[in-house]
There are 2 protein chains.
Amino acid sequence: MHKEHTLTKNQQIIFDLIDKSPEPMKAYSILFNVQKKGIKAPLQVYRALDKLVEIGKIHKIESRNAFIACHNSSCQVSKATAFSICEICEKVTEISSASLSKYLANFKDKDGMKYSKYNLEFFGLCKKCR
Amino acid sequence: MHKEHTLTKNQQIIFDLIDKSPEPMKAYSILFNVQKKGIKAPLQVYRALDKLVEIGKIHKIESRNAFIACHNSSCQVSKATAFSICEICEKVTEISSASLSKYLANFKDKDGMKYSKYNLEFFGLCKKCR
DNA sequence: ATTTAGATTGTTATAATATAACACTATGTA
DNA sequence: TACATAGTGTTATATTATAACAATCTAAAT
Ligand SMILES: [Zn+2]
Ligand SMILES: [Zn+2]
Ligand SMILES: [Zn+2]
Ligand SMILES: [Zn+2]
């Protein structure tokens, strides 16, 4: 399984924080929140984030420069991600749709180019904000 | 038609530059290239970029913080965008697939949430780099 | 147990990306 | 004209992210 890496101290501290957060967290907000645990510099945060993204424990929401924990057990090591984003309250949810991921995994463009990875971000209004 | 806005001077200068570029351009690279035309500050660039994105003349490649001109006449004012990105040479192509856009435009998540906008970025290797 | 390669850490400095605030100017239209 | 809206020029600052380097930890191979 792809989620079974042993995390280092910094990685664990930062993952726990993101995992508990109900919303995506930005790097410098993470930094602020872990300073009491001895993580003092941006690089320490970014290095942990890079690794966590690489092993699929978190995802980066590109349009928001923010990070959320992966709660999608079928999500393949960050190689195929889809999110819904509310444009009012900024709530972000990871989409887990077999038909969507199947469709996208098999998508080929005109040149027959096949892709090893994709990221999809949907924007709209969530239930609350409608 | 959505592409028929009259551009202002700064918008036109910056659009022309991006439109001629074979690859996505970053904001500060744009700034550097238009300084001889009197655009001196980042904000002047970002304001033009914001407007050009809004009216659908250009798109932002979120994973690269870069901008490309839209060459897709059926692309609806930046509300539904898809790109292929080569992870080696960084070549970016706007994908224009009727079946893909139809599939995504009609996609509904489990809550029946319907989206007003999406952005999809595929990653892989282009023909040359394979 | 010792060696060694690779990953991770701590640190300082700096680069790259993006926005706030404010005064001013152009443009269309009532 | 006069009014509203959008765009401009400018300075300053905020936010996001990486470079460089020395030190330390970890796991596996001798
Ligand atoms: Zn996931
Ligand atoms: Zn909402
Ligand atoms: Zn387009
Ligand atoms: Zn390529």
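Source: prediction; values computed, not measured.
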I need the CZ-C1' distance between B:Arg47 and C:dT25, as an integer number of Å. 12 Å
Whole-Å gap separating P (C:dT19) and NZ (B:Lys51): 16 Å
Polar contact flag, side-chain donor to acceptor under 3.5 angstrom, A:Tyr103-B:Ser99: yes
For DNA chain D, whose closest nucleotide is more 5', that of A:Tyr46 or that of B:Lys40? B:Lys40
C:dT17 C1' sits how many Å from A:Glu62 CD, rounded? 14 Å
Under a criterion of less than 4.0 angstrom to any heavy atom of chain B, what are the 5'-terminal and 3'-terminal contacting nucleotides of DNA chain D? D:dG7 to D:dT11
Distance col, row B:Asn119:CG vs A:Ser63:OG, nearest 0.5 angstrom, shows 8.0 Å
Euclidean distance, atom CZ of residue A:Arg64 to atom P of C:dT19 [Å, nearest integer]: 11 Å
Do A:Phe67 and A:Pro24 make a side-chain contact, defined as non-hydrogen atoms from C-beta onward lying under 4.5 Å apart? no
Can you list, in residue-number order, the parts of residues 17-31 of chain B that come under 4.0 Å of DNA chain C, counting heavy atoms only? B:Lys26, B:Tyr28
Distance check needed: C:dC24 P versus B:Leu43 CG, whole Å only. 18 Å
Salt bridge present between B:Glu23 and B:Lys91 (N-O < 4.0 angstrom): no
A:Tyr46 versus A:Tyr28, closest heavy-atom pair with distance: OH-CE1, 3.6 Å
Between B:Phe83 and B:Phe122, is a ring pair (Phe, Tyr, Trp, His ring centres under 6.0 Å) present by the stated rule, with each step listed? CA-CA 6 Å; B:Phe83 305 96; B:Phe122 281 108; over 10 Å; no
CD1/A:Ile39 to CG/A:Leu31 distance, rounded to the nearest 0.5 angstrom? 8.5 Å
Polar side-chain atom of B:Asn33 near backbone of B:Ser29 as donor-acceptor pair, under 3.5 Å: yes
Mind calculating the distance between CG (A:Leu7) and C1' (C:dT8) to the nearest angstrom? 13 Å
Taking for each residue the nucleotide of DNA chain C bearing the nearest heavy atom, is the 5' side occupied by A:Gln44 or by A:Asn65? A:Gln44
Identify, between B:Lys9 and B:Pro42, the residue whose nearest nucleotide on DNA chain D lies closer to the 5' end. B:Lys9
Under the side-chain hydrogen bond (donor to acceptor under 3.5 Å, both in side chains) criterion, do B:His71 and B:Glu94 qualify, and how do the steps go? CA-CA 8 Å; B:His71 293 299; B:Glu94 185 167 0; over 6 Å; no
Hey, does B:Gln11 reach any base, or is it just sugar-phosphate, or nothing, if we go heavy atoms under 4.0 Å? sugar-phosphate
